[in-house]
Trainee: 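One structure, as C-alpha cells, below. Some questions next.
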Amino acid sequence: MIRCLAALLLASGTLAAQVPEGFDVADTPGDAGGSVVASWKQLPNEDASVTYVVSVSRSKDGPWEEASRFPATGGFKSDAPKYFWFWSSNREEHFVEIPAFEPGEGEKGPIEIWVRLEVVTPSATAATAPLSATPRPNWWNWPKTNVFVFICLFGVATFYLIRRARRDPNLFIRRIPGLDAMEEAIGRATEMGKPILYLNGLDGMSSISTIASTCILGQVARRVASYDTQISVPCYDPVVMSVCQEVMREAFYSSGRPDSYRPESAFFVTNDQFGYVAAVDGIMMREKPAACFYFGFYYAESLLLAETGGTTGAIQIAGTDSVTQLPFFIASCDYTLIGEELYAASAYLSREPIQLGSLVAQDWGKIAVLGVLLLGTLASLARLDFFKHLLATF
Amino acid sequence: MTILGAWIAVGLTLFMFSFLYKDNPFYKFGESLYVGIALGYSLVRLWYQTWIDKVWEVLKSDASGKWWVLLPVAIGLLLLTRFVPKVSWLSRWAFAFLIGYGSGMAIPAILTTSIVKQAEATAKPLVSMPDKSEAAKKSVDGAKAAWDKAKAAEPTETDAVRATRIRYEEARSRTEYTFVTAYRDLTTLAIFIGVFSVLFYFFFSIEHKGPVRIFSRIGILFLMIYFGASYGNTAMGRFSLLYGRVLTLKKFGGGDYYYSTGILVVVMIGVLTALHFKNRGKEERA
Amino acid sequence: MIHLKRTVPLAIAFLSGIILMLQYFIPHPASETVLQYSQDWLTTIAYVAMLLGVGSLLQSHSLKIRRQVPGWGYSAVALITFGLTVLAGFHGKEDGPGGPLNWIYENLLNQMSATMFSILGFFIASAAFRAFRARSLESTLLLLAAVIIMLGQVPVGAHLPVIPEAAAWILAVQTTAAKRAIMFGVALGSIATALRVIFGIERAYLGGE
Amino acid sequence: MGLFFQKLLAIDRRWIFILLGLVVVVPTYHPLNLPGLKASPNVRAVYDTIENLPEGSKILVSFDYDPASMPELAPQATAVLTHCFRKKHKVVAMGLWVTGVAMAKESLNTTSKEAKAVYGEDWVYLGWKPGSVAVIAAMGSDIHNCFPKDAAGADVGSLKLMQRVKKLSDFDLVVSFAAGSPGIDTWIAYGSDKYKFKITGGTTAVNVPSMAQYVQSGQMIGLIGAMRGGAEYELLVKKPGDATAGMDAISLAHYLIVLLIIIGNIAFFISRKRKGAAS
C-alpha cells in the first residue's frame, strides 16, 4: 500500500510507476464459468519497457501467485473479440483471462478469485488494490447473437411469405427440368409395366437432406398411386424405411387408393455402405426398373449406383446437396437437381402455397446474402470493418 | 487359417469384380453373403460399443441420473411398435424426436459454417491495398535475403532456390502492386463473380430472363467447370483403390498362398463360359 | 386419439428442435450436458432401431424362401451368414485381433467393401467416355476442366506447358467459387426445411390416418 | 467410316473395363518406369533429412494406418525403411492404429531381410498400444514403462538397441505414416512440440492439404504425399517398387480416360457431321 502511494507521488514526474485507471475484475462474459477477466485502461504513452504482472489469490490478503506477465505492447481487449466484441475502445484496454480455481477437498465451487495488478517499469513497481470476482456459468453467449438474429430474421421472413402465399397462391416458380421429367418417367414406367426405384441416400432420419428426400417421396408416391405403378424403396436405415412407409401410406390414402399401398415396397437392405450398393445394383440388374430416382445425401457410392442404373436403360433423376458427388450424378444421370434444388423439389411438385412461400423465403435469403457480399466487399474496400464484425463467428 | 482366409478373400474379391461382366451367380452369392455378414457384424460390434458401454455399464454404475439412459431405449422401443400394426402409430413419436433433433441441431450450425463464415470469407476487397507497415517491409527484406543466399549457393535455379524466390515475390506483392498482386486480385474477382452468378442460377421465384438470365448462365458455366474439375480430381484416388485391390490379388496369388488368384480366375472363367453356352442354348430353344 | 397420433409428435418435434437450437447459444454447463446426453441417446436409439432392420431383413428373406421364389437360395445365404456372424460375435466377450469376428472382418467384409469401392475406378472411366462429349458450351467446359485436372495429376503433366498452372488455378478458383455458392443455397434450403419441420408445417412423416 | 464411329460411340462399356484392367494389372507385374517423375521439394526434404543424419542415428517409425490406405502408405514406408537400413540407422517401429500391425510387420520383415539388419540390434518392433495421446505422453517419459515387451513378447530391456533409447527425446527423428488421426498431427501436438524431436512422415492424398500446413509452419520436415510421393521416394533411393508400379498404373489409367474422351469426341463430331449432311 505504501509502495503504491509512493508510486502515485512519483507518477507526476516520470512514467516510473503509475497505476492504470479503470482496473476491474469481472466474470468472463458468455462462458461456461471457467474463468474471470481482469481489465484496465492502458497507461498514457506506455511502451515495451512497461510490464504488467497479474497475481491471483483465494483471499484478499494473499498469498499471491503470479498468473500472467506481459509487456504493455500486448494483451489488448481487441485481441479477444470473442468476449469484448469490436468496440474501438478495446484497443486502449488491457485484459487478462484468469482460469477458475479447482475446488479443493471439501470445497464447493465456484471460488471467489482475488486479483492484483502490478505495473513494473525499469525503475519502479506499483500495484493496485486487489479486487475480486466469482466465475459463473452464463446463460447466453452474446458474441453468437448475430447468428441468432439472422435465424430470427429468416424465420420471420419465412412465416410472412408463407402467409402471403396463402393469400395469393399464383406464385411464379421457374422451371426445373429434372422435376418435369419425373412425371414423364413415372408415365413411362406405367406403360412399360416396370417398377420405379427410389433411393433416399445414406444419411439417417435426422439429416435434413433425408427429410427433404422423404418429402419428395411423398409427392412421387401420389403420382405412382394415381398411375397405379410399382415403386420400390430400398433403405439403408431402418428408421428411414419406417418413415418412408408412413409417407407412402399417406400418399396412397390421399390419392384415394389405400388398397394399392404395400408396406413392403419400402424395405431395409443393410447398413453397410458398399453392402447396400452391392444389393441395390443387383436389384437394378434383375428388376430393370424404368426409372431410378436418387434423392438425399450420397457418398462415394453415387457413381456405383448411377452407372449401373444407366446401363439398365432407366431414366435417371438425381438430386443431392452432397457437393462432392454432384459431378458423378451429372455425368451419369439424365437430370440432376443441384444443391438447393433438392430443397425446392417437394414445393415444386406439390404446388402447395405453404411450401412455395418458404421457397420464396429462400430466394429472399439469397438476396440478403448477395447484398451482404456486395456491401461487405465495398465496405472492406473502404476499410470499414463493420460488415466483417457483423459476420464474425466464434 | 491364414491360407483359408487368403483364398476366401481372393474368391470374394473376384466374385464382386465379376459384376463388371454381368449379373451372375458368383456375384449374387457374394452380394447375399455381404448383406448378411454386414448386418450381423454391425449388430454385434454395436452390441458391445452401444448397448454394453452406453446402457448396461451406465445402469450398473452408481452415477447420478443414470436412469436417463432408459429414455433413448424407450424411444427405440417406440420404433419397434412398427411390428404391431395396431399401435404402430407410436413410432411417430420417435420419428418426431429424431427429425426435430436433427432440424434443431442443423439450423445454427449450418447458418454459422455455411453462410456467415463463407460470406465473411467472400467479402474481401477486390483490389489489394499495399501494406505499408514496418512488419511487412521487414518480411520482404527477410525473404529477399533468403533468396540472395540461396542464389549464391546454387548458380542454377533448383527447386529450393525457386521456392525462396516465390516466397520473396509473394512478400513483395503485399507491400507494392506487382504482377503477383494483380494475379491475386484477379482470383478474388473471379471467385466473387463465380459466387454471385451461381447464386443467380438458384433463384426460383424470379423468371430467368434479361440480366438474370445472363448471370445465371455464367453461373451454370462456373458450375460445369467445377464439376469437371472435381470429377478429374477424384480419379486419382479411385485408381489408387483399384491398384490396391490388384496388389492384394497379386500377393495372394503368390506361391505362399498356393496361387489362389490364378486358380480361382481360371475356375470362374470356366464356369461363366459354361453358363454362357448353357443359357444361350436355352434362349435359342425358347 | 388424434391428439396422440398428431399433436403429441408435433409437440415432440417442436420441443426437441427448439431445445437443440437454443443449446447452441447457451454456454452454461447444463446446456453442454443436454448436447452430450442427446448425442449418446441418438446412438442408443439407432441401435434399438437396428432390430427393426433385422426384423425387416428376416421377414423379407424368409418370405422369399417360404414361397421359393426364383433365387430363394441366395436369401438363404444371407440369413445363414447373418446368423453365423452373430454367433461368431457372441462367442467371446473381447474380440481382438485373431478372434473369429475379426477374422470375418478382415477376410470377408473388408475385402468385399474394398472391391466394391474399387469398381468405381472402372465406372469413372466408362462414365467419362459416355458423358464427356462436347455437345454444348457447358459440356465442353465440363470435359475440358476434367481433362486439364487429370493431366495435372500425372507426373508427365508437370512438364506440359500451361497445364500445371491452369490446373492449380481451376482448383483454387472453382473449388471456392462454385462450391461456396452451392453451399449458400443448400444452407438456406436446409434451414427453411428445418424451420418447417420444427413448426409443424412439414409433416409428411406423420403418415395418413 | 461413319458407321464405325457410330458403333464406337455405342461401344459396350465392358471393352473399356478390359482396357482399364489391363492398364492397371500389367504395370503391377512389370513396372514400366514411365518418364516424368521428379522428386518434389517436400519428398526431397524427407530424403535429405534421413540422408544427412550421421550413421547409426536412432529413428522411430510409427505405422499409423489401416488396410484401406495400404496401397498409398505401405510403399512409402518400405522405401523409407530401405533408406534407413541402407544408411545403417537404428529403427524402432511401433503403431498407433491396431489395424496397422500386420502391415507394419510385413514392411519391416522384407526391408530388414534385404538389408541384413539384425533384430534387437539394428531394429525393434514394439507393436501397438491403445490410447494414442496417452501412449505418446507415456513414451515421452519412459518408453520401457510404456512398452515393457516388444511385439513378439520379448523383454524390451533385454534388447541391445532399446538400452540406448529410454524416452522420446533420445530419438534423432520420428517418422509417422499416417492415414489420418491419430497420426502426424498427434505426434506433433503431443510429441515434438513438447519433447523437441524432429518429425517427418507421409500421408494419403486426402490428407495432404491438412498435413502440408505443418510443413509450412516448420513444425515438420517435408512430407511424402500419397502414391506419387512414395514413387518419388522410390526414385530417390533408386529402388522402384509398388509405388512406382502404382504410379505407372494410375498414370496409364489417366491417359486412358483422356484418350477415351478424345476418341469419343472425334467420333461424336464425325457422326454428327454425317447426320447433318444426310438431313
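The sequence lines fix the lettering, A, B, ..., with proteins before strands; numbering per chain opens at 1.
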Trainee: Check the pair S126(C) / E307(A) against side chain to side chain donor-acceptor pair (under 3.5 Å), numbers first and verdict last.
Mentor: CA-CA 8 Å; S126(C) 65; E307(A) 253 303 275; 2.8 Å; yes
Trainee: Quick one: what part of S60(C) sits under 4.5 Å from any heavy atom of chain A, side chain, backbone, both or neither?
Mentor: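 The answer is neither part of S60(C).
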Trainee: Examine whether an atom of L22(C) lies under 4.5 Å from a heavy atom of chain A, and if so say whether it belongs to the side chain, the backbone or both; otherwise answer neither.
Mentor: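 Just its side chain gets close to chain A.
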Trainee: Do K144(A) and Y24(C) form a cation-pi contact, if we require the NZ or CZ to be under 6.0 Å from the six-membered ring centre and within 45 degrees of the ring's axis?
Mentor: yes
Trainee: Given the rule in the side-chain contact (heavy atoms from CB on, under 4.5 Å) test, do D321(A) and S190(C) qualify, once you have shown the distances and angles that lead to the verdict?
Mentor: CA-CA 9 Å; D321(A) 54 344; S190(C) 43; 5.5 Å; no
Trainee: Could you look at T270(A) and say if it's the side chain, the backbone, both or neither that has a heavy atom under 4.5 Å from chain C?
Mentor: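 Nothing of T270(A), per the 4.5 Å heavy-atom cut-off to chain C.
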Trainee: If I measure from the heavy atoms of chain A, does I182(C) come under 4.5 Å with its side chain, its backbone, both, or neither?
Mentor: side chain
Trainee: Would you mind checking which part of I26(C) comes under 4.5 Å of any heavy atom in chain A, side chain (CB onward), backbone (N, CA, C, O), both or neither?
Mentor: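 Both backbone and side chain of I26(C) come within 4.5 Å of chain A.
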Trainee: Heavy-atom distances under 4.5 Å only: say whether V247(A) touches chain C with side chain, backbone, both or neither.
Mentor: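 Both the backbone and the side chain of V247(A) come within 4.5 Å of chain C.
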Trainee: I'd like to know which of N141(A), I211(A), D272(A) tops the heavy-atom pair count under 4.5 Å against chain C.
Mentor: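 It is N141(A).
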Trainee: Kindly compute the distance separating CD1 (I191(C)) from OG (S358(A)), expressed to the nearest 0.5 Å.
Mentor: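 Those atoms lie 12.5 Å apart.
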Trainee: Side chain, backbone, both or neither: which part of F117(C) has an atom under 4.5 Å from a heavy atom of chain A?
Mentor: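 Looking at F117(C), backbone and side chain both touch chain A.
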Trainee: Let's go through M241(A) and L52(C) carefully: what are the C-alpha distance in whole Å and the side-chain angles of both, what is the deciding distance for side-chain contact (heavy atoms from CB on, under 4.5 Å) to 0.1 Å, and is it a yes or a no?
Mentor: CA-CA 9 Å; M241(A) 169 193 81; L52(C) 198 63; 4.3 Å; yes
Trainee: Counting only heavy atoms closer than 4.5 Å, note whether A300(A) contacts chain C via side chain, backbone, both or neither.
Mentor: both
Trainee: Could you go step by step and tell me if N138(A) and H28(C) meet the side-chain contact (heavy atoms from CB on, under 4.5 Å) rule?
Mentor: CA-CA 5 Å; N138(A) 304 112; H28(C) 198 280; over 6 Å; no
Trainee: Would you say F154(A) and L188(C) make side-chain contact, with heavy atoms under 4.5 Å?
Mentor: yes
Trainee: Assess whether side-chain contact (heavy atoms from CB on, under 4.5 Å) is satisfied between T214(A) and Y205(C), documenting all intermediate values.
Mentor: CA-CA 8 Å; T214(A) 51; Y205(C) 64 91; 5.7 Å; no
Trainee: Measure distances from L342(A) to the heavy atoms of chain C and classify the residue's part below 4.5 Å as side chain, backbone, both or neither.
Mentor: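 The answer is neither part of L342(A).
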Trainee: Within a radius of less than 6.0 Å around CZ of R286(A), do more than 12 heavy atoms belonging to other residues, nucleotides or ligands occur?
Mentor: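 More than 12 within 6.0 Å, yes.
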Trainee: If I compare all heavy atoms of F268(A) with all of G53(C), which pair ends up nearest, and what's the gap?
Mentor: CD2-O, 3.2 Å
Trainee: Let me know if M21(C) has heavy atoms under 4.5 Å from chain A in its side chain, its backbone, both or neither.
Mentor: side chain
Trainee: Can you measure from CD1 (I201(C)) to CD (E352(A)) and round to the nearest 0.5 angstrom?
Mentor: 11.0 Å
Trainee: Chain C heavy atoms under 4.5 Å from L304(A): which part of the residue, side chain, backbone, both or neither?
Mentor: both
Trainee: Between M116(C) and D281(A), is there a side-chain heavy-atom distance shorter than 4.5 Å?
Mentor: yes
Trainee: Is L63(C) close to chain A through its backbone or its side chain, or both, or neither, when contacts mean heavy atoms under 4.5 Å?
Mentor: neither
Trainee: Parallel, tilted or perpendicular: which describes the rings of F199(C) and F159(A), with under 30° parallel and over 60° perpendicular?
Mentor: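 If you compare the ring of F199(C) with that of F159(A), the planes turn out perpendicular.
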Trainee: Below 4.5 Å from any heavy atom of chain C, which atoms of L217(A) appear? Answer side chain, backbone, both or neither.
Mentor: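 Neither part.
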Trainee: With sequence neighbours left out, which residue pairs that include part of residues 51-89 of chain C fulfil the ring-ring contact (aromatic ring centres under 6.0 Å, His included) condition?
Mentor: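 Not a single pair qualifies under ring-ring contact (aromatic ring centres under 6.0 Å, His included).
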Trainee: Under a 4.5 Å cutoff for heavy-atom pairs, which residue among S209(A), C215(A), G218(A) has the most contacts with chain C?
Mentor: C215(A)
Trainee: Name the region of Q362(A), side chain, backbone, both or neither, that has any atom closer than 4.5 Å to a heavy atom of chain C.
Mentor: both
Trainee: With a 4.5 angstrom heavy-atom cut-off, is it the side chain or the backbone of D237(A) that approaches chain C, or both, or neither?
Mentor: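 The answer is neither part of D237(A).
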Trainee: For S242(A), which atoms come within 4.5 Å of any heavy atom of chain C: side chain, backbone, both, or neither?
Mentor: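 Side chain only.
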Trainee: Tell me which of these, Q355(A), Q273(A), R136(A), has more heavy-atom pairs under 4.5 Å with chain C than the rest.
Mentor: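 Of the candidates given, the most pairs with chain C belong to Q355(A).
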Trainee: Quick check on F328(A) against chain C: is it the side chain, the backbone, both or neither that has a heavy atom closer than 4.5 Å?
Mentor: side chain
Trainee: For the residue pair A30(C) and W139(A), what are the closest heavy atoms and their distance?
Mentor: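 Shortest heavy-atom contact: CB-CH2, 4.3 Å.
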Trainee: Under a 4.5 Å heavy-atom cut-off, does chain C meet the side chain of L303(A), its backbone, both or neither?
Mentor: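 For L303(A), the contact with chain C is made by backbone and side chain together.
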Trainee: Would you please classify the geometry between the F25(C) ring and the F148(A) ring as parallel, tilted or perpendicular, with 30° and 60° separating the classes?
Mentor: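 Answer is perpendicular, since the angle exceeds 60°.
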Trainee: Are M183(C) and V323(A) close enough that some pair of their side-chain heavy atoms sits under 4.5 Å apart?
Mentor: yes
Trainee: Given a strict heavy-atom distance threshold of 4.5 Å, which part of S254(A) is in contact with chain C: side chain, backbone, both, or neither?
Mentor: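 No part of S254(A) comes within 4.5 Å of chain C.
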Trainee: Using salt bridge (Lys or Arg N to Asp or Glu O under 4.0 Å) as the criterion, list what pairs up with E202(C), not counting sequence neighbours.
Mentor: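 Salt bridge (Lys or Arg N to Asp or Glu O under 4.0 Å) list for E202(C), sorted by chain: R196(C).
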Trainee: Using heavy-atom distances under 4.5 Å, tell me whether D31(A) contacts chain C through its side chain, its backbone, both, or neither.
Mentor: backbone
Trainee: What part of A78(C) lies closer than 4.5 angstrom to a heavy atom of chain A: side chain, backbone, both or neither?
Mentor: neither
Trainee: Grab the two heavy atoms, one from A331(A) and one from A131(C), that are nearest each other, plus how far apart they are.
Mentor: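 Closest approach of A331(A) to A131(C): O-CB, 3.0 Å.
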Trainee: Under a 4.5 Å heavy-atom cut-off, does chain C meet the side chain of V269(A), its backbone, both or neither?
Mentor: backbone
Trainee: Counting heavy-atom pairs under 4.5 Å to chain C, which of A347(A), P238(A), A251(A), P143(A) comes out on top?
Mentor: P238(A)
Trainee: Taking side chain as everything from C-beta outward and backbone as N, CA, C, O, which of these in L195(C) sits under 4.5 Å from a heavy atom of chain A? Side chain, backbone, both or neither.
Mentor: side chain
